[in-house]
Amino acid sequence: MEKLKGKYMVELLGESRRTHYSGEINENEIGRTVAVCGWCQRQRDLGGLIFIDLRDRAGVVQLAFDSQTKADVFGKAELVRGEYVLFAEGVVRERSSKNPNIPTGNVEIAVTNLKILAKSETPPFEITDDTSTSEDIRLKYRYLDLRRPVLTKNLKLRYEITKIIRDYFDKNGFIEIETPMLIKSTPEGARDYLVPSRIHKGSFYALPQSPQLYKQLSMVAGLDRYFQLARCFRDEDLRADRQPEFTQIDYEMSFADMEDVMKIAEGLMARLFREILGEELSLPLPRYTYEQVTDRFGSDKPDLRYGLEIVDITNSLKNTSFPPFSKALSCGGGIKCINAKGGEKLTRKSLDALSEYAKGCGAAGAFYLKMSGGEVSGPLAKHLTSDEISSVSRAANLEDGDALIILAEENKALLGNVLGLLRTKLASSLGIKKEGHSLFWVVEMPFFELDPESGEWAAMHHPFTSPLESTACYLKTDKSKVKAKAYDLVYNGIELSSGSVRITDPVLQEEIFSLLGLSEEESRQKFGYLTLAFKYGVPPHGGMGLGLDRLVMQLAGAKSLRDVTAFPKVQNASELMTDCPSEVPGTLLGDLGITLKGD
RNA sequence: GGUUCGGUAGUUCAGUUGGUUAGAACGCCAGCCUGUCACGCUGGAGGUCGUGGGUUCGAGCCCCAUCCGAAUCGCCA
């Protein structure tokens with residue numbers, strides 16, 4: 001025991017091996033000798049009696065030391081502090097006073113042999129589920145954070161989910177294929193992470209944003225049904241639901257159309273719901289068109305667990321003299337509102353905050369009307385005629401106790417977007433409980449979208465997406481009318497996945513490239529290998545990619561991807577534990593032929 | 001790049017109008033304690049108030065700049 005008093009003096013594992021995980025010890029083991037390994041959650045020294053809560057990834061069990069314990073074992077138990085690593089052997093016995101709060105609370109281990117395998121400094125924060133320690137500190141010591149049962153549980157759940165996914169695709173005839181991490185950069189869309197080449201100085205690989213082209217080429221290769229849990233990378237700003245590297249459940253199938261691809265995704269979701277949540281998902285999932293969801297909810301990925309639909313009240317106010325409204329209308333804009341049912345309780349302060357938020361989103365601001373006792377009030381009320389007020393009230397179904405949030409904008413797209421954002425904000429201001437699941441498809445997405453800055457048409461999905469046949473006739477006449485043969489799966493207000501049927505007609509593909517402003521030369525340089533491949537017999541195919549991290553986050557009931565990712569990055573895309581990215585020695589840069597500005 | 005919030009002990013926070021030696025809880029250390037499980041009791045240690053500058057007789061507090069973290073808008077084919 002003397003040897004344990006020095007700072008780093010510890011014992012060797014030797015032949016000692018565990019027989020059980022801590023969380024597995026229960027009444028069935030009473031009377032048996034067991035051995036466990038883990039970390040000291042807490043040591044309670046009562047004098048002649050010591051208890052240690054031993055934690056491993058499966059749970060916690062109580063170790064007991066008393067007058068029956070051998071003196072040297074008892075002496076070691078006295079030295080144990082938080083997060084010491086222990087091996088303990090002993091006999092399981094019933095506790096004289098039980099603890100109903102933990103699964104192993106009826107039993108304890110009367111320890112006969114104890115080894116201190118490692119000591120620990122006092123950890124920078126207490127390792128419990130209900131820690132209030134800020135996330136940056138926890139992320140710096142992520143290995144300690146991950147000892148918290150809630151995170152361990154999330155990572156185990158993630159593994160369970162990936163096991164089911166692999167089995168599901170296997171059963172449906174898909175084979176998992178690894179596509180390269182070092183690929184050709186395609187500067188469209190999200191920014192690529194670039195990897196310099198030492199052998200080809202001045203040339204760069206990119207990390208994949210998605211295995212898109214490789215999976216399509218796998219279809220040309222005749223592999224027929226491909227899937228992969230694919231690591232993807234995007235050099236864009238982070239969010240709670242966006243990490244720069246993430247995992248996509250990626251699949252592609254040949255001789256299949258939209259319905260086939262969607263059916264596979266629905267089957268997967270149904271199985272995950274059944275096996276993870278124990279709930280039956282009713283199939284097929286509801287479908288809404290892009291136009292429907294954006295009109296009604298101001299978003300292409302609305303959360304439908306609550307209402308707060310957008311109502312167009314342009315007609316009711318078409319002759320208004322209230323300047324902010326009449327000005328918007330005279331410039332071809334519109335006026336829309338959301339009826340916040342029961343919103344009367346919103347204080348002026350929180351309504352002003354909503355207006356500020358709307359301004360932050362690019363709107364001119366938000367106005368509001370309240371109704372209580374049959375009276376319509378609010379600063380806006382005196383600027384409208386009683387006819388206008390009653391017309392608006394009727395259109396928006398304004399009733400006692402409600403508040404109407406009203407926006408007027410020249411730019412109709414902005415108007416919808418901001419109302420969509422306000423809708424989400426309102427749901428939390430009103431304390432709306434989001435119960436159940438909101439899982440549905442969005443279809444008939446526009447094929448092109450107008451880039452407001454450049455004024456050019458860009459592909460909303462990606463340039464390999466097939467146009468919906470019935471709208472292909474507008475390709476040359478009116479781009480805004482062309483719809484994509486694409487489908488997004490939306491789950492509780494997040495875009496879970498998106499997919500499409502791909503273009504397999506080389507002539508059409510060339511046409512799309514040219515409509516997107518790519519010259520023949522450019523498209524050959526960027527995607528020539530794809531069009532070349534398509535000359536040698538390409539099967540009709542389509543597929544999709546589902547965000548694994550987002551899916552796990554939802555199924556785990558977590559609020560952030562960081563809670564379901566073992567070693568996540570923070571908002572500025574750095575990792576606090578290893579402090580990457582970091583500078584590298586000049587000699588390394590030299591090998592790559594790279595000179596930094598300012599060198 | 002914009003907006004908002006935050007940064008004071010290991011952790012979570014309080015800190016009055018700018019005024020003596022910057023406090024609390026938990027944690028930590030020591031002693032006591034045989035049924036605890038957020039053990040208890042007694043005592044103790046622990047601070048570059050994110051950083052730099054400014055205003056002032058005097059700054060944790062006011063001003064400017066900057067760094068860091070978070071939410072969010074832009075961005076994310």
Side-chain angles (χ1 to χ4, degrees), chain A residues 41-54 60-69 74 81-83 93 95-102 104-105 108 110 121-128 130-141 144 186-192 209-210 212-213 232-244 246 353 356-363 414 417-418 420-421 424-425 428 445 447-449 451-453 457-465 484 486 495 498 500 512 516 518 526-527 547 559-560 562 570-572 574 576 579:
Chain A
Q41 171 77 34
R42 201 177 284 276
Q43 183 250 36
R44 291 180 293 279
D45 185 345
L46 279 66
L49 186 62
I50 299 171
F51 299 105
I52 291 173
D53 294 337
L54 192 76
V60 170
V61 71
Q62 176 166 284
L63 309 179
F65 307 80
D66 56 26
S67 52
Q68 308 299 307
T69 308
F74 194 90
R81 296 290 181 272
E83 303 311 315
R93 68 184 178 203
R95 287 203 203 180
S96 53
S97 65
K98 301 188 168 41
N99 181 356
N101 299 319
I102 59 171
T104 62
E108 66 187 8
E121 308 260 309
T122 303
F125 56 91
E126 204 188 342
I127 296 170
T128 56
D130 54 354
T131 179
S132 51
T133 301
S134 67
E135 205 174 5
D136 53 322
I137 292 169
R138 289 191 283 116
L139 286 172
K140 182 178 175 189
Y141 302 93
L144 298 181
T186 47
E188 276 91 47
R191 277 179 278 258
D192 286 330
Q209 299 177 27
S210 110
Q212 184 62 34
L213 297 177
C232 302
F233 306 84
R234 288 178 194 175
D235 188 5
E236 295 292 345
D237 286 2
L238 282 72
R239 288 285 189 280
D241 64 351
R242 220 193 284 164
Q243 282 277 315
F246 58 98
E356 282 306 309
Y357 177 71
K359 281 182 194 166
C361 301
L414 179 72
N417 284 344
V418 177
L421 294 165
T424 315
K425 198 91 177 164
S428 64
M445 255 96 46
F447 192 90
F448 297 99
E449 68 185 337
D451 183 335
E453 275 173 31
W457 290 97
M460 189 157 172
H461 202 65
H462 56 61
F464 318 106
T465 302
E495 185 193 312
S498 86
S500 66
I512 299 290
L516 290 169
L518 281 176
K526 285 176 179 165
F527 308 117
K559 284 203 173 67
S560 163
R562 295 185 294 268
V570 296
Q571 198 160 288
N572 65 9
S574 67
L576 300 177
D579 198 24

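So you know, we letter chains A, B, ... as the sequences are listed, proteins then strands, and number each from 1.
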R191(A) side chain, from C-beta outward: closest of C37(B), C75(B), G69(B): C75(B)

Contact nearer the 5' end of RNA chain B, comparing Q212(A) with Q571(A): Q571(A)

Q43(A) side chain reached by I50(A) side chain, heavy atoms, under 4.5 Å: yes

Phosphate contact (A38(B) OP1 or OP2) by T128(A) side-chain N/O below 4.0 Å: no

Sugar-phosphate, base or nothing in reach of A458(A), heavy atoms under 4.0 Å: nothing

R81(A) side chain near C29(B) phosphate (N/O to OP1/OP2, under 4.0 Å): yes

Interatomic distance where CG belongs to D241(A) and C1' belongs to C73(B) [whole Å]: 14 Å

C39(B) OP1/OP2 closer than 4.0 Å to side-chain N/O of R42(A): yes

Side-chain N,O (R562(A)) to OP1/OP2 (A71(B)) below 4.0 Å: yes

Charged N-O contact under 4.0 Å between E135(A) and R562(A): yes

N or O in side chain of N572(A) less than 4.0 angstrom from G69(B) OP1/OP2: yes

Sugar-phosphate, base or nothing in reach of F125(A), heavy atoms under 4.0 Å: nothing

side-chain contact (heavy atoms from CB on, under 4.5 Å) evaluation trace for L238(A) with Q243(A): CA-CA 6 Å; L238(A) 282 72; Q243(A) 282 277 315; 4.1 Å; yes

Options G69(B), C76(B), A71(B), nucleotide nearest the side-chain atoms of D136(A): G69(B)

F464(A) vs I512(A), side-chain contact (heavy atoms from CB on, under 4.5 Å): CA-CA, chis, key distance, verdict: CA-CA 8 Å; F464(A) 318 106; I512(A) 299 290; over 6 Å; no

d(CG, N101(A); P, A38(B)) in whole Å: 6 Å

RNA chain B: 5'-proximal contact among A190(A) and T122(A) (nearest heavy atom): T122(A)

Whole-Å distance separating the CD atom of E83(A) from the C1' atom of C28(B): 14 Å

Contact check, side chains of D241(A) and E495(A), non-hydrogen atoms, under 4.5 Å: no

Touch class at under 4.0 angstrom, heavy-atom based, for I137(A) against every strand present: sugar-phosphate

Phosphate OP1/OP2 of U36(B): any R44(A) side-chain N/O under 4.0 Å: no

